[in-house]
Participant: 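After the structure tokens below, expect a handful of questions from me.
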4 protein chains.
Amino acid sequence: MGSTFGQLFRATTFGESHGGAVGVVVDGCPPRVPISLEEIQRDLDRRRPGQSKVTTPRDEPDRAEILSGVFEGRTLGSPIAILVRNTDARSEAYADFKDTYRPSHADYTYEAKYGIRNWQGGGRASARETIGRVAAAAIARKLLAEAAGVEVLAWVGRVHRIEAQVDPARVALAEVESNIVRCPDAAAAEAMIARIDEARRAGDSLGGVVECVCRNVPPGLGEPVFDKLEADLARALMSLPASKGFEIGSGFAGTFLTGIEHNDPFTIADGRVRTTANRSGGVQGGISNGENIVLRVAFKPTATIRQAQQTVNRAGEEVTLEAKGRHDPCVLPRAVPMVEAMALLVLADHFLRQRAQCG
Amino acid sequence: MGSTFGQLFRATTFGESHGGAVGVVVDGCPPRVPISLEEIQRDLDRRRPGQSKVTTPRDEPDRAEILSGVFEGRTLGSPIAILVRNTDARSEAYADFKDTYRPSHADYTYEAKYGIRNWQGGGRASARETIGRVAAAAIARKLLAEAAGVEVLAWVGRVHRIEAQVDPARVALAEVESNIVRCPDAAAAEAMIARIDEARRAGDSLGGVVECVCRNVPPGLGEPVFDKLEADLARALMSLPASKGFEIGSGFAGTFLTGIEHNDPFTIADGRVRTTANRSGGVQGGISNGENIVLRVAFKPTATIRQAQQTVNRAGEEVTLEAKGRHDPCVLPRAVPMVEAMALLVLADHFLRQRAQCG
Amino acid sequence: MGSTFGQLFRATTFGESHGGAVGVVVDGCPPRVPISLEEIQRDLDRRRPGQSKVTTPRDEPDRAEILSGVFEGRTLGSPIAILVRNTDARSEAYADFKDTYRPSHADYTYEAKYGIRNWQGGGRASARETIGRVAAAAIARKLLAEAAGVEVLAWVGRVHRIEAQVDPARVALAEVESNIVRCPDAAAAEAMIARIDEARRAGDSLGGVVECVCRNVPPGLGEPVFDKLEADLARALMSLPASKGFEIGSGFAGTFLTGIEHNDPFTIADGRVRTTANRSGGVQGGISNGENIVLRVAFKPTATIRQAQQTVNRAGEEVTLEAKGRHDPCVLPRAVPMVEAMALLVLADHFLRQRAQCG
Amino acid sequence: MGSTFGQLFRATTFGESHGGAVGVVVDGCPPRVPISLEEIQRDLDRRRPGQSKVTTPRDEPDRAEILSGVFEGRTLGSPIAILVRNTDARSEAYADFKDTYRPSHADYTYEAKYGIRNWQGGGRASARETIGRVAAAAIARKLLAEAAGVEVLAWVGRVHRIEAQVDPARVALAEVESNIVRCPDAAAAEAMIARIDEARRAGDSLGGVVECVCRNVPPGLGEPVFDKLEADLARALMSLPASKGFEIGSGFAGTFLTGIEHNDPFTIADGRVRTTANRSGGVQGGISNGENIVLRVAFKPTATIRQAQQTVNRAGEEVTLEAKGRHDPCVLPRAVPMVEAMALLVLADHFLRQRAQCG
């Protein structure tokens, strides 16, 4: 259960990392949205492994196929199924993990929950599952761009202790994509790459923060109570593998301000209601106010490390795990398109919900 | 829309702050759970205004009535409707806000979304809406306690810059309730109370962090992909008024560790699989692992302040708002039962989902 | 569970027949729909017991109260909670049924499902539960009338073997309401009333068929696969107490025609695409085609009869039940507003769904 | 939208009749259910076209592939994706229908709803969409058989005016499969086959009734109000292409009985509570009572006929459609596995719902 995201723009992902395929079915996409396989593949290519020295060397082309729902370059309003075959699945590399739980992975919890586990890989906990999310979000991106000019852009804001200086209002995709770590602050990017390389050589791993901005979001998206826009964004982002924290607008730092310092005065600018500070992060009372939505997600250091670790096995014995195999020393560069994907899925869903209720 | 929380243990809240009543309908609660009005009232009393000098002086008894779903002290399996009448609703106090948007409130976004607004109070954005949540969660608390011995306990972890030292594994309800700020670190509590009092006198307000622990959660709750336990917790907590950030386990701080430092080794203790560090915060791969679930929520300083503020009105004019009226100088003490409530609703829902799928 | 109807226009009913109250929470209703308590009460009055000699003498005024979601005569877009107190609840009349299962009632199945039962009445199986449905549908009726001129009208088409002749395209509310059996064919109505009176005096009961027409439904409502308009209508109508069958358009009778006889030719009339025969009943491929939606629902004879019956008790003994108490000798006159209610709830939901997906 | 069925056992189908593929994703299936590709293929083979002279000659092997969710012959608890490629898609045969609406098909309503249509076939309205349903239901069948010994069996009960005599309590799969029309009454079957052959030669088509029995259903499945078991069955069955009516137990015929004649007395037999007549059809108050669930579905005569018909085109002109191409002269034999599939999906879903709420 739990493989469907969204109430109206609904993405259902499927697939284990080492089964036959991964993919997604998008149900509820409006008809007549222009979409091409190339637009979907473009985001998948940003997500795929093997794209640079800061990502896992596991090399999968992740070529997508559209099985349904698109006709002559436009959506039909029917479910859009997208399929990506698993190719580079060296399940023998996982034989060691058949009976041994990798620390900080989902091996033990899957076993505890289901009493069965596809040990030939990470199963549904693998980042491969996000292929379906990214593919679905490429369609959401087109829908939102066509309907409202919405832009969603993420970047690596911090790796370990190296923090970038980025202006969410102005940062552009080309800057994000200008380096392999996907940090638009060139100096920070260089330091991040060096730091990741160092961790990789040490068999260690790093975490950090991905930032994301949603621009041109029309006022009125989101619901007052449980389905607040920030709540759905939080859920969406915290559903990504390795995420441990979420904040919007002033976030945790805002709690060090007093109300007088923190409040967002309203003003009239460009002929519409604006706030002067956007500490709210584009959302007030759960509903978008037309300002940029700015959010940050904490990703823990990759759980796969090349170090001996203490753990236990299915027989209940304490054992030492000699980790090996391929891994991302830092998930953040590849997490960037995943963060965008989740924000896009939330916005597309609330765009349709708003259209339903408020016309 | 968006007034229902949960897939199987479903709470639907209703009510504006200044309409006739607020309340909740809980559908999906298992039959034969013992529950009394007193148990529900107990949590409502912790949430109600007017309980101390650090909360708003608005004085409402918030007496609950059970309308359905309970028979001879036990749940029937049918919807449990609970009603609380609004009594101390001085809507005239809000007359100033009929046409003027209060900064950092939801006045403008509601107007933008709906084109109509009950200006006699905060409407659905009022913290009064959480009465329904807290009442529903009192039932969830009984269900989880009876079925699995689960305990959920929250406390104020930080107010502005005053941080408490609390051990999530040992803290008890009596300690939390031993002072009006609901901080189990007595020294910190004293400082917090003084700081809040100071803010109140200055017409200012404060934010901070509420922490929460869920103990005795059985392994296996939560779903692998979108409905990860931490994702649903994040959504739940970020749906509370004034929340701006969420973290679980090592959270944002964990990103300053490397993978070698951060990983949670497994061990065998008390005859079962345990982790030695619980940096995962009780959840791995979206599924509970039997360790304590520890989470933190950032609440911004209360948006209602007693200071003149720049804003705009419905006519599109820039105006000055002379704020007055009653407010909480710091929402955190009253947010404690709300945080517990949302965690309880998530756990009850996933408890039933796990029972459905895995027997 | 199962107390919520609809995906976007969501009605959640609550209440046992002999608890404190019954009611409904409507979430997802668009803002700014004009609605008054009188409009809601009007439909409740058509549904209430004690309105004529062909209905149960149980006399409840069923006065509704709006608790939330309406402000100055218009909907706010927030949940609309409506409450009706139970007043004439002679639970002592049910003492005989505490341990004995009434034949063809839900006593046994509730006990089998929940292991507990509010024996002081029919619980959720009581027709009192439909108060919430009828109240919610009064709002749906306003929404659909304002937005698209949709009209939904039901009537008693057959009682036992007495069949009425009614033209769904022309029948008017005043004709339906012109007699106590709600049959617009005056001669048939008279015969029906006599037949029901006879059954009542014999301690017996009767069933029959309620027909319903939905006029001015715009083309395009309904979804292609599982949520076909006729499927959702079938579910809605078959969720009414005592319903045993549903058909749309040509229904079961249409299976006696061949394809050549049955097909609906298209034509152009009134400047739009029309069908010449409407054997499809206003729906093709699950989607409305702009013709009148015509449906029929079979209601079994009331299970409550004034006759000794063989049954069993909770101890597993075979016993004789001496039925007494008040009952409807024929549910059909009161089922008329319930049938309208369910059709309205389906249409309102699909109206919003269509607006969401197709703009 | 509307491509997902079920709340806990969730089947999401995708695919147009002439796109790349059709299929299904099943989410929520419990782990460790033994399932093989052969078991899925067996039901697909009963559904596929080209299997006999009473079905369409369109010949598609409909070979299924399991893409995910099954490991070493057992379900993982993760989504099970099943794919069937479209092969015999002669879209040129549909060129005539690009601009012309076929009477009693969904061509016009799809165009009205979406403003776009895959005219190279029936799109989502094609019976090919039911491949996904049948595949999903093969898994539901295994789950229900393993967990509770539930058996679901359907057969052709009537074709046009030829009615079969079948005892739902005793009929066996081998009898149903003993002839190409899937009617276990051999004499009726012979007459049906002759009648269908006659219609086929005349370019005409026939409808009729499929009956279905669900045996060994445990008491307690179904919900009291909107999600009554019969309501969900009605929706499920009325979502099949060409269905126009549904009844359960005594159905429409029961309305010709009085309450005294119709009521189901309880008795004790085989050590448990039984009814003596089962006019309720295995469901009372929306909840299964342990008796056989017996239902009937009316299928209209196939809309595709080999006859000139009056219709209109997209330009709004009245035109004559010279129908040709391959079609089923009577859908009922192939509808049999579809009816079983929908009943199985409903029961699997309610089986899990009951386990969630009532343990």
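All chains are named by letter (A, B, ...) in the order of the sequence lines, taking the proteins before the strands, and each is independently numbered beginning at 1.
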Participant: Would you name the heavy atoms of A:L229 and A:L221 that are closest together and state the gap between them?
Facilitator: CD2-O, 3.7 Å
Participant: Salt bridge or not for D:R128 and D:E16, using N-O below 4.0 Å?
Facilitator: no
Participant: Are A:P49 and A:R47 side-chain neighbours, meaning at least one heavy-atom pair lies under 4.5 Å?
Facilitator: yes
Participant: Here's a test for you: under side-chain contact (heavy atoms from CB on, under 4.5 Å), which of A:Y101, A:Y108, A:W119 qualifies with A:R314?
Facilitator: A:Y101
Participant: Under a 4.5 Å heavy-atom cut-off, does chain A meet the side chain of D:S3, its backbone, both or neither?
Facilitator: both
Participant: Any side-chain to backbone donor/acceptor pair from A:T100 onto A:F97? Under 3.5 Å, distance only.
Facilitator: no
Participant: Nearest 0.5 angstrom please: A:N118 CG to A:K98 NZ, how far?
Facilitator: 11.0 Å
Participant: How about residues 65-72 of chain D versus chain A: which residues have heavy atoms under 4.5 Å apart?
Facilitator: D:E65, D:L67, D:S68, D:G69, D:F71, D:E72
Participant: Between A:S126 and A:H18, do the side chains contain a donor N or O and an acceptor N or O under 3.5 Å apart?
Facilitator: no
Participant: Quick one: does NZ or CZ of A:R117 land under 6.0 Å from the six-membered ring centre of A:Y110, within 45 degrees of the ring axis?
Facilitator: no
Participant: Of all the heavy-atom pairs spanning A:A138 and A:E39, show the shortest one and how long it is.
Facilitator: CB-O, 3.9 Å
Participant: Using heavy atoms and a sub-4.5 Å threshold, report which of residues 350-359 of chain A line up against chain D, by residue number.
Facilitator: none
Participant: For chain A, which candidate among D:G115, D:G20, D:P31 shows the most heavy-atom pairs at distances under 4.5 Å?
Facilitator: D:P31
Participant: Within the distance-only criterion (no hydrogens, no angle test), does the side chain of D:D107 pair as donor or acceptor with the backbone N or O of D:R102 below 3.5 angstrom?
Facilitator: yes
Participant: I'd like to know if the side chain of A:R124 pairs up with that of A:T13 as donor and acceptor (distance under 3.5 Å, no hydrogens or angles considered).
Facilitator: yes
Participant: By number, which residues in residues 139-150 of chain A have some heavy atom less than 4.5 Å away from chain D?
Facilitator: none
Participant: Any donor-acceptor pair under 3.5 Å linking the side chain of D:N313 with the backbone of D:D99?
Facilitator: no
Participant: Of all the residues in residues 75-85 of chain D, which have a heavy atom that comes within less than 4.5 Å of a heavy atom in chain A?
Facilitator: D:T75, D:L76, D:G77, D:S78, D:P79, D:A81, D:L83, D:R85
Participant: Under a 3.5 Å distance rule, please check whether D:R32 uses its side chain to pair with a backbone N or O of A:Y114 as donor and acceptor.
Facilitator: yes
Participant: Can you find a heavy atom in the side chain of A:D227 that is under 4.5 Å from one in the side chain of A:Q7?
Facilitator: yes
Participant: Check whether any side-chain heavy atom of A:F14 lies under 4.5 Å from a side-chain heavy atom of A:V22, and answer yes or no.
Facilitator: no
Participant: Should D:E129 and D:R133 count as an ion pair when the cut-off is N to O under 4.0 Å?
Facilitator: yes
Participant: Do the side chains of A:D27 and A:R10 get close enough for a salt bridge, i.e. N-O under 4.0 angstrom?
Facilitator: no
Participant: Less than 4.5 Å apart, any side-chain heavy atom of D:D349 and any of D:F5?
Facilitator: no
Participant: Could you tell me which of A:T4, A:T12, A:L8 has the largest number of non-hydrogen atom pairs under 4.5 Å with chain D?
Facilitator: A:L8
